[in-house]
Amino acid sequence: MDIQLKRGLLDVCVLAAIKSEDSYGYKIIKDIKPYIEMSESTLYTILKRLETADMLTVRTAEHGGRLRKYYHITERGLKRIGEFKKEWKEIMSIYRFVTKGDDDNA
Amino acid sequence: MRKQEFLAELEARLFGLPQDDIRERLIFYSEMIDDRMEEGLSEEDAVSEIGPVDEIVSQILAEVPFTAIVKEKVKPKRALKAWEIVLLALGSPIWLSLLIAAFAVMLSAYVAAWSFIVSLWAIGASSAACSFAGIFAAFAFWIRGDVIIGIAMLGAGVFFAGLSILLFFGCKQVTGCFLHLTKKMALGIKSLFVGKGDAE
């Protein structure tokens, strides 16, 4: 997959993983795993980028006698998911145009 | 590998990056290992699932901007004394010009390599032009009745056409390789500054 495209998709995947409830690093990786493979260092970079862009906030909470970081989606993060859905509709209509001839033959 | 060993090696290999950045990354990986162990993995397995330190370090280096490394490197470990500042200022005609010269040499080597590639492309373009000219001249001689010269011109034209096609693919290959090499070099230069705090 194209690197730029994958990067954008990973950002949205991470946002989607924390959309319904706050989540932590390992859980995010596990939740996304069936759809897209992501290494720890990639996730770290994405979380940093999303935090800088105000799309999520971080809080540290105690868990089982140690500290764990939880990530919470912000208004801006939710907006990004909305934008992605809109963009994807456009991409799907382009996809249909690109594969038009193929469907006729099939 | 045990968790502490893993974290210690990672810390040593990242030495040279901003301190806060290293600390945050270590906390992140530590949490990742703990969460795996909580799920029932052994410490060794949890660490090995994170991946080899080498791979992690090169991925981090590729992402961290060069400026962040330099900023951390030139940050003095302590306040400079007055006489050191004076010495630095007095010596600047020497060390500054040496530094500039070193950079200029590296830059010119890089530019020279690129000009070699540009000239390869130019040879390719000129043989393409030659092939057009040859074929055109072949027709001109043929119309004038010089069939033999016309055929010779046609031959030359076809030869140059073949040469330019070969050169095109060759140039594309060389340019691609060089771009790849540039990326590798950037990574190499970054590693020169990072990871020198090895606690081996």
Side-chain angles (χ1 to χ4, degrees), chain A residues 1-15 17-18 21-73, chain B residues 1 3-4 6-7 9-11 13-14 17-43 45-65 67-69 176 179-180 183 187 190-191 194-195:
Chain A
M1 207 188 289
D2 177 70
I3 286 188
Q4 283 301 324
L5 180 64
K6 191 167 178 185
R7 175 188 274 202
L9 286 176
L10 283 173
D11 282 12
V12 179
C13 279
V14 171
L15 287 173
I18 60 171
E21 58 173 339
D22 294 0
S23 188
Y24 52 93
Y26 183 48
K27 187 166 187 302
I28 294 174
I29 286 198
K30 273 199 305 186
D31 288 345
I32 295 178
K33 201 170 182 163
Y35 307 99
I36 197 163
E37 197 71 36
M38 181 176 4
S39 73
E40 268 73 14
S41 37
T42 309
L43 176 65
Y44 180 87
T45 313
I46 293 169
L47 288 171
K48 270 272 145 201
R49 184 164 61 226
L50 292 176
E51 191 190 348
T52 316
D54 280 334
M55 293 194 193
L56 58 81
T57 54
V58 191
R59 77 186 152 85
T60 309
E62 216 214 284
H63 167 84
R66 60 187 167 90
L67 294 176
R68 194 196 251 164
K69 281 187 174 173
Y70 287 88
Y71 304 92
H72 175 77
I73 196 165
Chain B
M1 201 191 283
K3 178 183 152 194
Q4 283 314 321
F6 171 84
L7 293 177
E9 192 182 336
L10 191 62
E11 184 176 12
R13 297 280 301 278
L14 290 178
L17 293 186
Q19 292 290 321
D20 299 346
D21 190 25
I22 297 180
R23 209 184 46 239
E24 250 184 89
R25 282 179 197 274
L26 291 178
I27 291 172
F28 182 80
Y29 283 107
S30 164
E31 184 195 303
M32 285 294 186
I33 295 169
D34 287 339
D35 277 333
R36 280 181 165 76
M37 283 163 63
E38 197 179 289
E39 246 192 6
L41 280 183
S42 71
E43 192 172 334
D45 289 343
V47 171
S48 71
E49 258 198 27
I50 302 283
V53 176
D54 277 336
E55 220 169 86
I56 296 171
V57 170
S58 55
Q59 206 179 346
I60 292 173
L61 278 189
E63 283 162 358
V64 173
T67 45
I69 299 172
L179 280 177
H180 184 71
K183 244 190 222 164
L187 200 62
K190 280 180 186 172
S191 356
V194 175

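Numbered from 1 within each chain, the chains take letters A, B, ... in sequence-line order.
- Other residues, nucleotides and ligands contribute more than 12 heavy atoms inside 6.0 Å of the CD atom of B:Glu49.
- At most 12 heavy atoms of other shown residues, nucleotides or ligands fall within 6.0 angstrom of atom NZ in A:Lys6.
- With rounding to the nearest 0.5 angstrom, the OG atom of A:Ser41 is 8.5 Å from the CZ atom of B:Phe28.
- Considering OG1 of A:Thr60 and CD of B:Glu31, their distance stands at 8.5 Å, rounded to 0.5 Å.
- Looking only at side-chain heavy atoms (C-beta outward), A:His63 and B:Asp34 stay at 4.5 Å or farther from each other.
- Remark: the B:Gln59 side chain and the A:Thr42 side chain contain an N/O donor-acceptor pair separated by less than 3.5 Å.
- Here A:Lys27 does not pair with B:Asp35 in a salt bridge; the nearest charged N to carboxylate O distance is not below 4.0 Å.
- For A:Glu40 (side chain) and B:Met32 (main-chain N/O), no donor-acceptor pair under 3.5 Å exists by modelled atom type.
- Only the side chain of B:Glu38 has a heavy atom closer than 4.5 Å to any heavy atom of chain A.
- Checked by atom type, the side-chain pair B:Glu39/A:Tyr26 shows a donor-acceptor distance below 3.5 Å.
- Residue contact with chain B, scored on non-hydrogen atoms closer than 4.5 Å, involves the side chain of A:Arg66 exclusively.
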